[in-house]
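Here's the structure, in structure tokens; my notes come after.
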Protein chains: 2
Amino acid sequence: MMSESIDNQKFPKLDGLPVDICIFTLATERRIELNENVDKRTLKSYPKRSLELLLVQRLHEPFQDKWALPGGFTDIETETLEQAAIRELKEETYPDAGSIGDGQVSNKIYLEQLSTYYRPDRDPRGKIPSVAFIALVNEELLSGLRAGGDAKQARLFQVNMEVQDKMLYKSEDGNTKIDEADFAFDHGKIIRDAIQFVQNKMLTTTIAVKLLPREFTISELHQVISAVVPTFTPSTSNFARDLVKTKSRDGMLEEVWDEQGNPKKSTIYSARPAQLYRFRNEFEPQVSIYPRV
Amino acid sequence: MMSESIDNQKFPKLDGLPVDICIFTLATERRIELNENVDKRTLKSYPKRSLELLLVQRLHEPFQDKWALPGGFTDIETETLEQAAIRELKEETYPDAGSIGDGQVSNKIYLEQLSTYYRPDRDPRGKIPSVAFIALVNEELLSGLRAGGDAKQARLFQVNMEVQDKMLYKSEDGNTKIDEADFAFDHGKIIRDAIQFVQNKMLTTTIAVKLLPREFTISELHQVISAVVPTFTPSTSNFARDLVKTKSRDGMLEEVWDEQGNPKKSTIYSARPAQLYRFRNEFEPQVSIYPRV
DNA sequence: TTAATAGTGTCTTTAAGACATTATTAA
DNA sequence: TTAATAATGTCTTAAAGACACTATTAA
């Protein structure tokens, strides 16, 4: 029993616990570049959105040159797992990512503990655990990184969800394509678990908000969900109508109005102005496979 | 970064990781005892079902006499977290609880990792982590324990879900009532998280199967769900009809037939025989707050 | 006009829920 | 008969989904 073991001092006090983070973002790529001499109507077509994951290439053995999740240690005496994850997140992304909270780091970052991995064969140097986190980070916070590969060889990889075996390939130049065999440790397994976790959260909670601007059109929300969950393919017109009109989703979204009290609209993706919405954070999603509740 | 820290041997190889388990069961209590001289019709009325949690009273400081989750260590070199959890589970419950699997320990036990807890103030002896698991155990496997308190002072506590602050009280004699202040470490917090986790799983997956006999009536399923989730209160007749007839739940349950090809029925809770069903494990529940998928 | 998305209208089917009614069995 | 649960039937409303159609804007 636990009490006996700890009381007998069998267990050494830890210096820290390893933390690895699956940092996801949703990349938005206009189908046609702005500087080209094209019809502005075509320019406004829906962008290509792809789920991307931040990986770092290992400099040393074991797994030298393999790709791994960014991670670190809870190395301060008073630091929690979440605080360590946020610290690492900041190192890899935006230095001003925000303060600490329970899955509510900032309105542009979602952070949640995924699971702890501790299979004896996961690290050739011995039995070392890893507490894995997932983070959804708004694209703009990773813009610095995307400008080019840095010293640590951190790169964003597009997640290819059609094939479940060969999962990832490089986004920027498309040259580096990697699959499960190119991952260090058990990070391939962690990443598979993380993608499933994020997909599930995307369909059962309102985390889509972390991948959207504060005010967005219904079609943007549609784009985000179907980029993360490829099987999500309702007709855009029914989706827009149902989202706002259906009773069980009352209070999920609210229309945005400007100072004059007129409906605030956006023409970012369309010639015809589209109504802007925002998520209301009072909304508590409820899902069940059984009737009622 | 993780690679640097581990390569520099800052992190000591662990002897083991502490594992704590929230072992839940669903106690079934006939409203009237069998030996009383009562109308057999009344005897067959629905039983009282209550979610119960296994706790052990601590013998030593810190938190002497406080109640804690049963737990232990991954103390064998090749042991995984799940294996350690199963080993502890067996110690506390049925010695023949079954083999190892991913949330599929046996058809009578559900086991899943909940989260890892590591706040610096959770243990007065220093920063010690705990990997928490939840287990749903069929009542019959805990029958030995229920016979009476043993040397380790392990007891089942009824979970009182109406009041969120004062959560638990003793089941058998009803004398020992405990609340958040009577828990060791941060186990009160772990237990609250665990209850929420189990309730969510109960509504979005088919884990109810672990708390039921292999063949059961629709009313038994109804009893199980509403015992774990008190807000679940559909009318029994609509529930029975919808469960079997609704297209989106096609393949979830199947009727049981006897050797002669007649519908197999049960009179355990009713004078009129009720159809027996079983869960089909091909069924993959799908839930979403958005239309489609 | 056309390309592209925004949004409405209509119709059908499925599901949820209220509620009444009938069925079954043993005492 | 009665107590208790099992099961069916009917009606209403809410959602989901298919699909046609109109609206808006800039080139």
Side-chain angles (χ1 to χ4, degrees), chain A residues 30-32 36-48 216-223 226 232-250 252-253 255 263-277 286-293, chain B residues 30-32 36-48 216-223 232-250 252-253 255-256 263-277 286-293:
Chain A
R30 309 296 308 220
R31 286 213 296 259
I32 287 161
E36 282 182 39
N37 185 18
V38 287
D39 193 335
K40 263 198 184 172
R41 293 171 300 185
T42 312
L43 192 89
K44 290 204 167 178
S45 59
Y46 290 145
K48 194 167 147 287
F216 53 87
T217 67
I218 299 288
S219 95
E220 285 181 286
L221 174 57
H222 188 281
Q223 288 165 44
S226 43
F232 180 83
T233 51
S235 94
T236 47
S237 61
N238 278 339
F239 178 72
R241 172 167 43 68
D242 293 348
L243 259 197
V244 183
K245 298 252 173 81
T246 300
K247 230 184 201 173
S248 66
R249 280 185 288 268
D250 249 9
M252 186 163 88
L253 299 180
E255 292 183 348
K264 199 167 165 191
K265 308 211 168 188
S266 156
T267 55
I268 185 166
Y269 295 129
S270 63
R272 176 173 174 178
Q275 179 64 49
L276 285 168
Y277 291 86
Q286 300 215 327
V287 286
S288 171
I289 59 171
Y290 300 107
R292 269 266 195 102
V293 168
Chain B
R30 309 294 309 219
R31 286 211 297 257
I32 288 162
E36 282 181 38
N37 185 19
V38 288
D39 193 335
K40 261 199 186 174
R41 293 171 298 182
T42 312
L43 192 90
K44 289 204 168 179
S45 58
Y46 290 145
K48 196 166 146 290
F216 53 87
T217 67
I218 299 288
S219 94
E220 285 181 285
L221 174 56
H222 188 281
Q223 288 166 43
F232 181 83
T233 52
S235 93
T236 47
S237 61
N238 279 339
F239 178 72
R241 173 169 40 70
D242 293 348
L243 256 199
V244 183
K245 298 253 172 80
T246 298
K247 229 182 199 175
S248 64
R249 280 185 288 268
D250 248 11
M252 186 163 88
L253 299 180
E255 291 182 350
V256 181
K264 199 167 166 191
K265 308 210 169 191
S266 156
T267 55
I268 185 165
Y269 295 129
S270 62
R272 175 173 174 178
Q275 178 63 49
L276 284 168
Y277 290 86
Q286 301 215 328
V287 286
S288 171
I289 59 171
Y290 301 107
R292 268 265 195 103
V293 168

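Atoms CD1 (A/Ile218) and P (C/dA4) sit 23 Å apart, rounded to a whole Å. Put simply, NZ on A/Lys247 is 16 Å from C1' on D/dA16, counting in whole angstrom units. Rounding to whole angstrom units, CG of residue A/Asn238 and P of D/dC21 are separated by 16 Å. Between the NZ atom of B/Lys265 and the C1' atom of C/dA26 there is a distance of 17 Å, rounded to whole Å. Whole-Å rounding puts the A/Ile289 CD1 to C/dA15 C1' distance at 16 Å. For B/His222 and C/dG17, the NE2 to C1' distance is 13 Å, given to the nearest whole Å. Counting to the nearest Å, the P atom of D/dA18 and the CZ atom of A/Phe239 are 15 Å from each other. Atom P of nucleotide C/dT25 and atom CD of B/Gln275 are separated by 13 Å, given to the nearest angstrom.
Within the 4.0 Å cut-off from OP1 or OP2 of C/dA4, not a single side-chain nitrogen or oxygen of A/Lys44 is found. When the side-chain nitrogen and oxygen atoms of A/Tyr46 are compared with OP1 and OP2 of C/dA6, one or more of them lie within a distance under 4.0 Å. Contact between the side-chain N/O atoms of A/Ser219 and the OP1/OP2 oxygens of C/dA6 is found at a separation under 4.0 Å.
For the pair B/Ser235 and B/Arg249, nearest-nucleotide mapping onto DNA chain C gives the more 5' position to B/Arg249. Of the two residues near DNA chain D, B/Lys245 and A/Pro234, the one whose nearest nucleotide lies more 5' is B/Lys245. Place B/Ser237 and A/Pro273 on DNA chain C by their nearest nucleotides, and A/Pro273 ends up nearer the 5' end.
Using a 4.0 Å heavy-atom criterion, one finds that B/Ala274 contacts the sugar-phosphate atoms exclusively. Looking at heavy-atom distances under 4.0 Å, B/Thr236 makes no contact with the nucleic acid at all.
Among B/Glu220, B/Met252, B/Glu255, the single residue meeting the side-chain contact (heavy atoms from CB on, under 4.5 Å) criterion with B/Tyr277 is B/Glu255.
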Can you give each donor-acceptor pair under 3.5 Å made by side-chain atoms of residues 265-272 of chain A, sequence neighbours left out, with the distance rounded to 0.1 Å?
from, atom 1, to, atom 2, distance (Å)
A/Ser266, OG, A/Ile268, N, 3.1
A/Tyr269, OH, A/Arg49, NH2, 3.3
A/Ser270, OG, A/Arg272, O, 2.5

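Across every non-hydrogen atom of A/Pro291 and B/Pro234, the tightest pair is O-CG, 4.2 Å.
For B/Arg272, whose side chain is taken as the heavy atoms from C-beta onward, the closest listed nucleotide among D/dT5, C/dG17, D/dT25 is D/dT5. Distance from the side chain of B/Thr246 is smallest for C/dA15 among the nucleotides C/dA15, D/dA7, D/dG17. Residue B/Arg241 has its side chain nearest to D/dT10 when only D/dT10, D/dT5, D/dG17 are considered.
A side-chain donor-acceptor contact under 3.5 Å links B/Ser235 to the backbone of B/Asn238.
Ring orientation note: the planes of A/Phe232 and B/Tyr290 are nearly perpendicular, at an angle over 60° on the 30°/60° scale.
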